[in-house]
Chemist: 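Shown below is the structure under consideration.
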Amino acid sequence: MNWDPVDQTVLANEQVIDGRGWRSGALVERRQIPQWFLKITDYAEQLLNDLDQLTDWPSEVIRMQKHWIGRSEGVELTFALQQPAADCPAHNIEVFTTRPDTLFGVTYVAIAPQHPLSRYAAQNNPALTEFITAFEKVKVAEAEIATLEKAGIDTGLRVIHPLTQTILPVWTANFVLMSYGSGAVMSVPAHDQRDWEFAQKYHLPIQAVIEPLYETLVDLTQAAFIDKGRLIHSAQFSGLTSAEAFNAIAQHLSEKQLGQRKVQYRLRDWSVSRQRYWGTPIPIIYCGDCGAVPVPEQDLPVQLPTEVVFDASGSSPLKQMPAFSQAICPCCQKSATRETDTFDTFMESSWYYARYIAPRNNQQMISADAQKWLPVDQYVGGIEHAVLHLLYSRFFHKIMRDVGLVHCDEPFQKLLCQGMVIAETFYREETSGKKNYIAPQEVEILRDDKGQIISAKHQQDQQPVLIGNNEKMSKSKNNGVDPQTMIDQFGADTVRLFIMFAAPPEQSLHWSDSALEGAHRFLKRLWRLVHQQTQSEYFTQCQTINIAALTLDARQKELRSKTHQTLKKVSDDMGRRHTFNTAIAAVMELLNAVSQQKTHRSLEDAVVMQEALSLSTILLSPIVPHITHTLWQALGHTEAVIDVSWPTVDETALVSAQIEIALQMNGKLRTRLWVEPNLEQATLESLALSNEMVSRFIQDKTVRKIIVVPNKLINIVAN
RNA sequence: GCCCGGGUGGCGAAAUAGGUAGACGCAAGGGACUUAAAAUCCCUCGGAUGGUAACAUCCGUGCCGGUUCGAGUCCGGCCCCGGGCACCA
């Protein structure tokens with residue numbers, strides 16, 4: 001954990017700025033503290049395999065979860081320490097490798113700075129002690145460690161290669177993660193790029209044991225050769241391919257009891273302890289005799305005390321409250337202590353979707369009869385939850401399934417991940433390095449004519465503020481926008497329409513409220529068109545007429561075709577593609593066509609327009625429910641628009657009299673043709689060749705090829 | 001550093017299975033209506049060159065290269081922006 005020695009508290013990664021605590025400014029240290037974990041690694045295989053069931057999840061989320069779980073097959077093997085002293089904490093170093101075929105190329109073993117042997121070796125080695133101490137100033141985040149310059153130091157310890165019996169040095173290296181595998185790796189600089197760079201830096205030997213299968217230049221003075229190939233310098237295994245050697249070496253090690261095949265995961269167990277007040281208390285009582293005892297069911301839930309005192313330190317007030325922490329051991333009735341850590345809030349967000357179907361059941365988490373609602377048909381959440389929340393929920397669901405609370409494997413059938421809403425951040429920095437974020441509404445922004453921010457100052461004191469990156473809206477960055485003022489001014493329908501029209505939901509969006517008035521204008525226009533319709537002399541009559549019985553002229557047919565094309569597109573956009581922006585644009589186009597012929601010269605006009613307006617109202621109703629409710633009834637319909645079933649496309653209405661076909665020459669658009677739809681290929685070709693533009697183009701050339709894409713384009717290739 | 005997205009006019013975007021780039025909207029400019037304003041309606045609106053004009057020609061989807069009759073879309077390499085990296089949730 002990141003430990004702030006001044007505030008005496010654990011800090012989140014985002015609370016550590018340049019190695020210092022955000023409030024105290026103290027240098028942060030790594031510290032190990034006892035914590036509760038959920039053993040998610042026991043479910044790693046299922047969490048990976050069941051991803052195949054999630055066919056209605058975005059593929060990038062599946063990919064991210066696969067990488068996160070990080071299954072790899074390899075071999076775990078042991079390097080024995082050469083002559084370990086009596087006080088040595090271990091006599092062996094366990095390593096995991098996915099490349100047992102390179103085992104004969106191992107020239108050193110690298111261990112993590114927190115590895116017990118690193119600490120042991122440091123006792124008589126000031127340089128190593130210093131190296132480990134320096135590493136403990138690095139914050140816990142993986143990103144932090146991955147960007148460190150690779151460095152290491154010889155521990156002085158030596159191990160024996162399990163097959164060759166060669167003596168190899170053990171190095172402490174800052175890129176070996178204690179949290180992955182056993183915190184130790186065998187290093188093969190000839191065939192691993194990171195090991196190669198480390199060996200170059202510290203002049204460690206590089207031993208080639210793989211040669212390419214096919215003639216390729218390998219120059220180990222330039223880079224490692226990381227491909228698989230054929231083994232060399234590998235005793236009885238020489239000559240085998242990497243794949244053959246994987247099995248042969250794994251079997252050999254297993255027979256000699258020096259190692260075995262193993263599946264390793266990148267996924268780590270889930271730490272659920274938080275040293276905070278706000279959170280669900282972890283229901284555990286510590287007894288001097290009985291150890292950690294769960295709180296008995298009849299005493300659940302353990303509730304947070306409400307009378308708490310927060311002091312200036314960042315540590316949890318629960319620790320200072322004997323009234324809360326003193327307890328009786330449920331086993332032996334002696335006095336005991338209550339756990340004062342609370343649960344990670346991901347704990348609750350992992351199963352709320354299931355609790356929603358039985359919110360008032362105070363006997364069980366989930367009612368048996370409520371299970372029929374699961375899994376959730378359509379789940380919607382931000383892409384930033386692609387791994388953590390969505391993996392924890394899947395894990396929790398499987399636990400609930402295994403104790404019989406639910407009966408399906410996965411919690412969410414379909415998943416839509418909306419993109420993040422991004423906005424500028426503004427802040428001022430205290431001398432400690434702590435950033436105080438200032439809300440965009442409180443900042444006066446000066447932009448250049450391209451819209452780029454030149455400078456910003458605080459509205460109150462008129463002094464400059466610093467401009468941060470664009471980031472997802474969040475409380476911690478204070479860059480959120482409250483839609484309430486917009487709702488007050490324009491109404492909820494306008495704001496909903498504006499948001500849905502801005503971009504498809506899965507795309508991230510830089511917030512700007514400049515198009516809001518356009519959305520409002522559109523709704524006013526829809527309102528006017530509907531009311532013009534209701535004023536028409538044909539309005540009452542047109543409601544009872546079956547459109548199919550009428551004879552329509554070309555113009556009316558065209559509008560009717562547009563109406564049904566719009567219905568078809570909007571149904572697909574909303575139902576399948578979830579691109580609400582293009583659905584709205586399609587209705588806007590239809591209403592543009594309606595306004596172009598807004599006067600009724602005949603009953604037929606009124607009927608066609610009634611259909612266009614009624615359909616537009618239904619199509620928009622999921623997005624702007626309030627205005628469409630009113631307009632639907634204004635159009636003479638008796639039921640509520642929300643109760644109307646989604647309309648079906650009249651295929652016969654779709655047909656257009658003429659379509660436009662692009663005419664290309666050598667792939668370049670030259671002109672367009674207006675023709676009847678579904679013409680024969682030969683007809684289109686001769687039509688194209690008789691075109692004046694074409695004859696001019698081909699007069700001094702030979703036509704090589706004519707490509708016809710039906711109802712789309714003709715491309716004449718000539719030279 | 002690793003994994004996942006994205007980059008198209010002044011701006012938000014569209015182009016759904018490789019086939020007419022910029023639909024729809026915002027902003028801007030011009031005009032109509034009005035005593036005036038608001039509201040509304042009409043027109044222009046990627047860039048360059050030529051033309052009084054209708055229009056014509058060339059360039060153009062982050063950058064470099066490739067595949068193809070044809071690339072915003074596919075392939076290789078690179079740059080930039082956003083998200084995640086296990087205690088922001």
Chemist: Is it true that the side chains of Ser595(A) and Arg525(A) contain a donor and an acceptor less than 3.5 Å apart?
Modeler: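 Looking only at side-chain atoms, Arg525(A) and Ser595(A) do form a donor-acceptor pair, the distance falling under 3.5 Å.
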Chemist: Measure CZ/Arg266(A) against P/C4(B) and give the value in whole Å, please.
Modeler: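 So the two atoms are 12 Å apart, to the nearest Å.
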Chemist: Below 4.0 angstrom from OP1 or OP2 of U20(B), is there any side-chain N or O of Arg672(A)?
Modeler: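 It does not, given that no N or O in the side chain of Arg672(A) lies less than 4.0 Å from OP1 or OP2 of U20(B).
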Chemist: All N/O contacts under 3.5 Å from nucleotides 58-60 of chain B to the protein, with atom names and distances to one decimal?
Modeler:
unit_1 : atom_1 : unit_2    : atom_2 : d
C59(B) : OP2    : Lys668(A) : NZ     : 3.2

Chemist: Closest approach to the side chain of Arg521(A), judged atom by atom: which nucleotide of U20(B), A27(B), C24(B) is it?
Modeler: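 When the side chain of Arg521(A) is considered, A27(B) is the closest of U20(B), A27(B), C24(B).
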Chemist: Taking OP1 and OP2 of A15(B), is either one under 4.0 Å from a side-chain nitrogen or oxygen of Arg577(A)?
Modeler: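 Yes, such a contact exists.
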Chemist: Please check the phosphate of U20(B) (OP1 and OP2 only) for any side-chain N or O of Gln664(A) closer than 4.0 Å.
Modeler: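 False: Gln664(A) side-chain N/O out of range (4.0 Å or more) of U20(B) OP1/OP2.
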Chemist: Which of these nucleotides, G84(B), A23(B), A86(B), is closest to any side-chain atom of Ala141(A)?
Modeler: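 When the side chain of Ala141(A) is considered, A86(B) is the closest of G84(B), A23(B), A86(B).
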Chemist: Considering only side-chain heavy atoms of Ser271(A), which listed nucleotide, C87(B), U20(B), C24(B), is closest?
Modeler: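 Per side-chain heavy atoms of Ser271(A), the pick is C87(B).
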Chemist: For RNA chain B, just give me the dot-bracket, please: Watson-Crick or G-U, both distances below 3.5 Å, ( ) intra-strand, [ ] crossing earlier pairs, | paired with another strand, . unpaired.
Modeler: (((((((..(((......[....))).(((((.......))))).(((((....)))))..(((((..]....))))))))))))....
Chemist: Between Asn470(A) and Ser474(A), which has a closest nucleotide on RNA chain B that is more 5'?
Modeler: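 Result: Asn470(A).
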Chemist: Locate the shortest heavy-atom distance separating Leu47(A) from Phe395(A); write the atom from each residue and the value.
Modeler: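 For Leu47(A) and Phe395(A), the tightest heavy-atom pair comes out as CD2-N, 3.8 Å.
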